[in-house]
Undergrad: 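I have a structure here, written as structure tokens, and I will follow up with some questions on it.
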Amino acid sequence: MASIFTKIISGEIPCYKVAEDENFIAFLDINPNAKGHTLCVPKQEIDKIFDMDEALYAKLMAFSYKVAKALEKSIPAKRIGMSVIGLEVPHVHVHLIPLQEMQDIQFKNKVSLSNEEFAATAALIASHL
Ligand code: AMP
């Protein structure tokens, strides 16, 4: 069965898209740790990050770097944190999270945003790419 992220990539379910190229897509996490929490996802459905071939892994890091730079320009934060987990969605994704404090990377406290805030945040980040 296709992963939820494959369904986003195919357009079957919506997302707040930040960036896309031939191999990757970036969209806002729907249950964010912080405003601007973004997922960078390979279009190829691979479960575990270290099952990716090295070349695609390197490209994912380069894509995530560009998105992180745009996040830095868009969302006031002490720094952008990066995390790879994948216990909930078995399709590789890099979490990029604007951090003010340690708990922002801990996946416990969540922020709630309206549809309008999600859309405006995605557009703001995209404008810096
Ligand atoms: P994990 O697999 O543990 O790295 O977590 C998966 C992440 O994907 C969680 O932070 C979810 O909030 C996020 N997520 C799940 N479904 C969606 C969706 N439809 N759109 C955006 N983010 C999602």
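Indexing begins at 1, ligand by ligand and atom by atom, following the structure's order. Side chains are part of it too, since the values below use all heavy atoms of this structure and drop only hydrogens, waters and symmetry mates.
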Undergrad: So which heavy atom in the protein is nearest atom 15 (C) of ligand 1, and how far is it from that ligand atom?
TA: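 Checking every protein heavy atom, the shortest distance to atom 15 (C) of ligand 1 gives E88 OE2, 3.6 Å.
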Undergrad: For atom 17 (C) of ligand 1, grab the closest protein heavy atom and report residue, atom and distance to one decimal in Å.
TA: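 Checked against all protein heavy atoms, atom 17 (C) of ligand 1 sits closest to I30 CG2, 3.7 Å.
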Undergrad: Within this structure, what is the NE2-CD1 distance for the pair H37 and I75, rounded to the nearest 0.5 Å?
TA: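 Here the interatomic distance stands at 12.5 Å.
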Undergrad: At a 4.0 Å cut-off, with the gap strictly under it, does some heavy atom of F27 reach an atom of ligand 1?
TA: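 F27: in contact with ligand 1 (<4.0 Å).
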Undergrad: Taking K43 first and then E20, would you say they form a salt bridge - that is, a charged N and a carboxylate O separated by under 4.0 Å?
TA: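 E20 and K43: salt-bridged.
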Undergrad: Main chain of P42, side chain of H91: is a donor-acceptor contact present, judged purely on distance under 3.5 Å?
TA: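 Yes, H91 side chain to P42 backbone: donor-acceptor pair under 3.5 Å.
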Undergrad: At a non-hydrogen distance cut-off of under 4.0 Å, which region of L39 contacts ligand 1 (side chain, backbone, both, or neither)?
TA: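 The answer is the side chain of L39.
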Undergrad: More than 12 non-hydrogen atoms from neighbouring residues, nucleotides or ligands closer than 6.0 Å to CD on E101, yes or no?
TA: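 Enclosed: over 12 neighbouring heavy atoms sit under 6.0 Å from CD of E101.
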Undergrad: My understanding is that only one of I25, L28, D29, I8 makes a side-chain contact (heavy atoms from CB on, under 4.5 Å) with L39; could you say which?
TA: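 Going through I25, L28, D29, I8 one by one, the side-chain contact (heavy atoms from CB on, under 4.5 Å) with L39 is satisfied by D29 alone.
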Undergrad: Which atoms from ligand 1 have a heavy atom of I8 less than 4.0 Å away?
TA: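 Listed by number with element: 18 (C), 19 (N), 20 (N).
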Undergrad: For atom 4 (O) of ligand 1, what's the nearest protein heavy atom and its distance?
TA: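 The protein heavy atom lying closest is H93 NE2, 2.6 Å.
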Undergrad: Quick check on the hydrophobic clustering: are Y65 and I125 connected, directly or via other members, by side-chain heavy-atom contacts under 4.5 Å?
TA: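 No; I125 is not reachable from Y65 via cluster members.
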Undergrad: According to a hydrophobic-cluster definition based on side-chain heavy atoms being under 4.5 Å apart (Ile, Leu, Val, Met, Phe, Trp, Tyr only), do I30 and V94 belong together?
TA: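 Linked within one cluster.
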Undergrad: Between G86 and ligand 1, is there a nitrogen or oxygen pair with a distance under 3.5 Å?
TA: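 Yes, G86 has an N/O under 3.5 Å of an N/O on ligand 1.
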Undergrad: Give the numbers and elements of all ligand 1 atoms closer than 4.0 Å to a heavy atom of L28.
TA: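 Those qualifying, in numeric order: 21 (C).
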Undergrad: Taking only heavy atoms of N31 into account, list the atoms of ligand 1 that are under 4.0 Å away from them.
TA: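 Selected atoms, number and element: 12 (O).
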Undergrad: Checking side-chain contact (heavy atoms from CB on, under 4.5 Å) against H95, which of S83, C40, P32 comes through?
TA: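 It is S83, the one option of S83, C40, P32 that forms the side-chain contact (heavy atoms from CB on, under 4.5 Å) with H95.
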Undergrad: Of the listed options (V41, I97, V89), which comes nearest to atom 2 (O) of ligand 1 when hydrogens are ignored and any heavy atom counts?
TA: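 Among V41, I97, V89, the closest heavy atom to atom 2 (O) of ligand 1 belongs to V89.
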Undergrad: Below 4.0 angstrom from a heavy atom of D29, which ligand 1 atoms are there? Numbered from 1 as shown, please.
TA: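 In order of numbering, the contacting atoms are 7 (C), 8 (O), 9 (C), 10 (O), 11 (C), 12 (O), 13 (C), 22 (N).
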Undergrad: Output yes when the distance from some N or O of ligand 1 to some N or O of H95 is under 3.5 Å, and no in every other case.
TA: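 It does: an N or O of H95 is found under 3.5 Å from an N or O of ligand 1.
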